[in-house]
Amino acid sequence: MNIYSKYLNEIKNIIFTIAEELSWDLKNSKIIKKIVLEPPKNQSFGDLSTNAAMVLASQLKFNSIEIGEILCSELKIINDFDEVEFVKPGFINIKLNTKIWHTFLFNLVTSNNGWIYENLGQGKFLNVEFVSANPTGPLHAGHARGAVFGDTLASILSLVGYKVLREYYVNDAGNQIEALVESCFLRYLENINKREYSFSNGLYPGNYLKKVGKKINDLYGKRLIDLSFDKYFPLIKPIVIEMMLNDIKNDLVKLGVEMDVFTSETKILESNRLDKILKILNKKKLLYTGILEKPKGNSNNDWEPRPQLLFNSKKFGDDTDRALKKADNSWTYFASDIAYHLDKIERTSGNLINILGADHGGYISRISSAVNAITDNKCQLINKICSIVHLSDNGQIIKMSKRSGDFVTLSEILNKVGKDVIRFMMLTRRNDQTIEFDFHKVKEQSKDNPIFYVNYAYARCKSILNSSNFKNNKIDLDKISKLTEKKEIDLIKLLSQWPRVLEASAKYLEPHRVCFYLIDLASQFHSLWNKGNEDKNLRFILKEDKKISTARIALVNSVAITIESGLNVLSIKPTNKM
RNA sequence: GCGCUCUUAGCUCAACUGGAUUAGAGUACCAGAUUUCGACUCUGGGGGUUGGGGGUUCGAGUCCUCCAGAGCGCACCA
């Protein structure tokens, strides 16, 4: 179904045949991998373009013109190629016979399975960890971006043959959780005594904890009032975590994100994983007790030298060694995180992908170092950073302040604009660019709002299909070959690029490509539609010419199929009517 | 002070991971078409030293280096 990979394989086979005849040394398969076949930037160059001559020339130390001419003469024999041309720096441009595009469309429309993608993953395991927000508050806009990015990426990777596990790491241990529990206890007291308590620095003053306080009151009555922190902590911590996590899970479900696994940090700490990593690292002589240097700059006034258990992460490219134990001999977060990564590796025996927020960029080198150390570089950890989201309403910037507990929650955004808008908008930028998310704009029924624009194209397709009694079994290649308008053929060519787009999204872990493609496809379809206004003979349905109508409707149908496939990747269901 | 990530048209962003005489879209602006199979849809126009300098090579927005600006992070928190 992927025209580009089909012909790339043919070209490679031809190269191997020539290589045998002329005894070229192509044992270095990396060189063959560098050969690509893609649609040229400039349409006038043809349909396909390959860099084969240049790649081979550099490997064989030959003149690229010489190789290009040899290749060209062989490629010209292929029937499907109308024109094969060798041009300046070393490209070979190919024009396909129009019947190839007709056949392509015919196959697409008549196959029951829709699009099929290349099996890049070959069933390999891939663990995608994302969101992993601390259960100390509700999810907000930034989390939404990571959630959509990770979830969509996971879908894309599944489509190309990876076995993907969607995972959320719950940081349900440590100081922040103690602060959370203490905050909830204050809300509990507040609920009983009907008076306000002051939240000291480090506690969570957000109103969202009021219901937790009430719940504790409902369960325990006044029995906890006089208990010390140590006594009430184990009693109410499970309640607090469960409630916070439930809210998070609900928001995720509403956003269309279904995690496969929630892993608890507490459980990791209780397991033997930490001892295990200690043993592993010790065996590799990567542990020592030492004193870290004071970081330069004036941000830390209370710095004092402390001997701590350190991991030699510098050896793996980190800027400094990192502490595994705190001064009081308890584990650092980093230590438990290494243990967690070991846990993931042991469970899936595959590679890991972490989706992180922009504020965690500084963490990457140390955790990657650790993964490389414990697996002897056998497992790869890929980190993708999602940059921040700026919220605004009709141009007015909405400020977020987490400290005061005053920020726009994901739940609010979901209520305001719905899941589909969020999912699409969060992927209309590369992951490393900031996103401007304007509540007003994303609800507009116009081109300003890409999800509307794409869905509108789909609705138009459906409208045509409805008014035409379209049936697949009326189609044959003869009718399809009536499609001769340049815009029609161009649209088929654009359709043919869909699997390439999806596969590239998978290869480079860039889900935004799907959105950009869908916008492009919608645009070309709208354009073709309007051609029918200028010239009535170009309308999709012509009562006096059933053959061409059938062919054009087949084209419309395949546009619909493709938009649906694309939106499906984003977990968005297009609506037939708007 | 150090590290990471960014900087592309007035604005918001792409650019198939090093490819093509002319770096593409949208928006805004100007000029038009259409009102239907479906309604803010389409066509055309001007707008650029890809933050700046240097380097690597057949070829650089993309890689290296220096400089400037923005964001994030900087023992023991998570």
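Values below: all heavy atoms of this structure, side chains included; hydrogens, waters and symmetry mates excluded. Residue numbers begin at 1 in each chain, while the letters A, B, ... track the order of the sequences.
Side-chain polar atoms of A:D438 and A:S392 form a donor-acceptor pair below 3.5 angstrom.
One can place CZ of A:F516 at 10 Å from C1' of B:rG26, the figure rounded to the nearest angstrom. What separates CG of A:L538 from P of B:rU41 is a distance of 21 Å, to the nearest Å. Atom CZ in A:F91 sits roughly 13 Å away from atom P in B:rC16 (whole-Å rounding). Rounding to whole angstrom units, CD of residue A:Q433 and C1' of B:rC11 are separated by 14 Å. Counting to the nearest Å, the P atom of B:rA15 and the CD1 atom of A:I519 are 12 Å from each other. Remark: C1' of B:rA15 and CZ of A:R429 are 15 Å apart, rounded to the nearest angstrom. Atom NZ of A:K34 and atom P of B:rC16 are 16 Å apart (whole Å).
With hydrogens and angles ignored, a donor-acceptor pair closer than 3.5 Å exists between the side chain of A:R500 and the base of B:rC16. Between the base of B:rU5 and the side chain of A:D432 there is no donor-acceptor pair shorter than 3.5 Å. The base of B:rA20 lies close enough to the side chain of A:N93 for a donor and an acceptor atom to sit less than 3.5 Å apart.
At a threshold of 4.0 angstrom between heavy atoms, the contacts of A:A358 are confined to the sugar-phosphate backbone, with no base atom among them. Heavy atoms of A:Q497 sit nowhere under 4.0 angstrom from any nucleic acid atom. At the heavy-atom level, A:I541 lies under 4.0 Å from base atoms of the strands shown. Residue A:D359 is in sugar-phosphate contact alone, with no base atom involved, counting any heavy-atom pair closer than 4.0 Å across all strands shown. Backbone-only engagement by A:H512 is indicated by non-hydrogen atom pairs under 4.0 Å involving sugar-phosphate atoms exclusively. Counting non-hydrogen atoms under 4.0 angstrom, A:S527 reaches the backbone sugars and phosphates but no base. Within 4.0 Å (heavy atoms only), A:V87 reaches at least one base atom of the nucleic acid. If you check every strand for non-hydrogen atoms under 4.0 Å, A:D321 touches nothing.
Formation of a donor-acceptor pair under 3.5 Å by the A:D47 side chain with backbone atoms of A:L96 is found in this model.
Mapping A:A173 and A:K531 onto RNA chain B by nearest heavy atom places A:K531 closer to the 5' end of the strand. For the pair A:F452 and A:E304, nearest-nucleotide mapping onto RNA chain B gives the more 5' position to A:F452.
For A:T434, the side-chain atoms get nearest to B:rC13 when compared with the rest of B:rC13, B:rC37, B:rA78. Comparing B:rC76, B:rC37, B:rC16 against the side chain of A:Q308 picks out B:rC76 as the nearest. Side-chain proximity of A:R513 to the nucleotides B:rU41, B:rC16, B:rC77 is greatest for B:rC16.
For A:K536, no side-chain nitrogen or oxygen approaches OP1 or OP2 of B:rU34 to under 4.0 Å. The shortest distance between the side-chain N/O atoms of A:H526 and the OP1/OP2 oxygens of B:rG26 is not below 4.0 Å.
No aromatic stack links A:Y456 and the base of B:rG38, using centre distance under 5.5 Å and interplanar angle under 30°. For A:Y363 and B:rG73, the ring-to-base geometry does not satisfy the stacking test (centroid distance below 5.5 Å, interplanar angle below 30°). Here A:W529 lies parallel enough and close enough to stack on the base of B:rC37, with planes under 30° and ring centres under 5.5 Å apart.
With a cut-off of 3.5 Å on both Watson-Crick or G-U wobble distances, the partner of B:rC72 is given as B:rG3. Across all strands shown, B:rG32 is found opposite B:rC42 as a Watson-Crick or G-U wobble partner, with both distances under 3.5 Å.
Comparing the P positions of B:rA68 and B:rA60 gives an interatomic distance of 26 Å, to the nearest angstrom. To the nearest whole angstrom, the two C1' atoms, one in B:rG48 and one in B:rU8, are 8 Å apart.
Residues A:M426 and A:F437 form a side-chain contact, since some pair of their non-hydrogen atoms from C-beta on lies under 4.5 Å apart.
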Dump the intermediate steps for side chain to side chain contact (heavy atoms under 4.5 Å, CB included) on A:L427 and A:F516, then the final yes or no. CA-CA 9 Å; A:L427 293 173; A:F516 282 100; over 6 Å; no

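A salt bridge links A:E510 to A:R513: at least one charged side-chain nitrogen sits closer than 4.0 Å to a carboxylate oxygen.
Counting heavy atoms of neighbouring residues, nucleotides and ligands inside a 6.0 Å radius, atom NZ of A:K547 does not exceed 12 of them.
Nucleotide B:rU17 is shown with a syn base, its glycosidic torsion being within 90° of 0.
Minimum heavy-atom separation, A:L71 to A:A53: CD1-N, 4.1 Å.
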